[in-house]
Amino acid sequence: MRNRRINRDELIWHAVAAIPFGMVATYGQIAEWAGLPRQARQVGYALHNLPADSTVPWHRVINAKGMIAFPPGSAQYYRQRELLNSEGVLFVGQRIDMRRFRWKPTMDEAVWGVP
DNA sequence: GTCTTGACTAAGC
DNA sequence: GGCTTAGCCAAGA
């Protein structure tokens, strides 16, 4: 069987799985950490292909606006919101307080929010 | 091969 | 704060 190279999806899933409990990350962040910059859409695509029996915390991935990518009112929207709420991620209306819950990788070296 | 779609983002109005 | 436009890349028809 050859060393199957890690698929793009698995790379993304791995990055998503690295998000700690009670934290969230944006699609752009996941793409970048997975080594796929500018491919935020691919992250959503990979999550869409995520098997139902997977343990990947897909609900910790949100868009850059701090909102769930699903349209409000949809079953998926409420499911993700409930999962986040159960982890202590509080919502302000339809938005998450990114200043508190956005995960910052390697806080010592990471440069996020640089002007 | 081209065209459309998509769990996105940033900038402009 | 919300809508529109443009940019981006990959998968599917």
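All values below were derived from every heavy atom in this structure, side-chain atoms included, with hydrogens, water molecules and symmetry-related copies excluded. To find a chain, count down the sequence lines: A is the first, B the second, and so on, and within it residues start at 1. The model shown is predicted, which means the values in this text are computed figures rather than measured ones.
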| query | What's the closest nucleotide to the A40(A) side chain, out of dA10(C), dC8(B), dA7(B)? | reply |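 For A40(A), the side-chain atoms sit closest to dC8(B).
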| request: Compare the minimum distances between each of dG1(C), dA10(B), dA7(B) and the side chain of A64(A), then state the nucleotide with the smallest one. | output: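 So the nucleotide nearest the side chain must be dA10(B).
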Can you tell me the distance, in whole Å, between the [atom1] atom of [X] and the [atom2] atom of [N]?
{"X": "D9(A)", "N": "dG6(B)", "atom1": "CG", "atom2": "P", "result": "18 Å"}
{"X": "L47(A)", "N": "dA10(C)", "atom1": "CG", "atom2": "P", "result": "17 Å"}
{"X": "L36(A)", "N": "dT9(B)", "atom1": "CG", "atom2": "P", "result": "14 Å"}
{"X": "W13(A)", "N": "dA7(B)", "atom1": "CH2", "atom2": "C1'", "result": "14 Å"}
{"X": "K65(A)", "N": "dT9(B)", "atom1": "NZ", "atom2": "P", "result": "8 Å"}
{"X": "I62(A)", "N": "dA7(B)", "atom1": "CD1", "atom2": "P", "result": "17 Å"}
{"X": "Q42(A)", "N": "dT5(B)", "atom1": "CD", "atom2": "P", "result": "17 Å"}
{"X": "R60(A)", "N": "dA7(B)", "atom1": "CZ", "atom2": "C1'", "result": "17 Å"}

| field | Quiz item: R38(A) side-chain donor-acceptor pair to dC9(C) base, under 3.5 Å | value | no
| query | With distance as the sole criterion, do the side chain of Y27(A) and the base of dA7(B) form a donor-acceptor contact below 3.5 Å? | reply | yes
| query | Is the closest side-chain heavy-atom distance between Q94(A) and Y77(A) below 4.5 Å? | reply |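 With C-beta onward as the side chain, the pair touches.
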| Starting at the 5' end of DNA chain C and moving along, which residue's nearest nucleotide shows up first, Y45(A) or R41(A)? |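 With Y45(A) and R41(A) compared, the 5'-side residue is R41(A).
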| said: For a quick test of reading the model: is some side-chain N or O of Q39(A) closer than 4.0 Å to OP1 or OP2 of dA10(C)? | reply: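 Indeed, a polar side-chain atom of Q39(A) lies that close.
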| Cationic tip of R81(A) within the cone over F91(A)'s six-membered ring, i.e. under 6.0 Å and within 45° of the normal? | yes
| query | Between Q80(A) (side chain) and V61(A) (backbone), is there a donor-acceptor pair under 3.5 Å? | reply | yes
| request: Look only at the side chain of R102(A) and the backbone of A25(A), and say whether a donor-acceptor pair between them is shorter than 3.5 Å. | output: no
| said: Distance check, C1' atoms only: dC8(C) and dG6(B), in whole angstrom units. | reply: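 Nearest-Å result for dC8(C) against dG6(B) at atom C1': 12 Å.
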| task | Find the partner of dC8(C): check Watson-Crick (N1-N3 plus N6-O4 or O6-N4) and G-U wobble (N1-O2, O6-N3) distances, both under 3.5 Å, and reply none if neither fits. | result |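 Answer to the pairing question: none, since dC8(C) forms no Watson-Crick or G-U pair.
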| remark: For dG1(C), the nucleotide meeting Watson-Crick or G-U wobble distances (both under 3.5 Å) is none
| Do you know the tightest heavy-atom contact between W58(A) and L47(A)? | CB-CD2, 4.1 Å
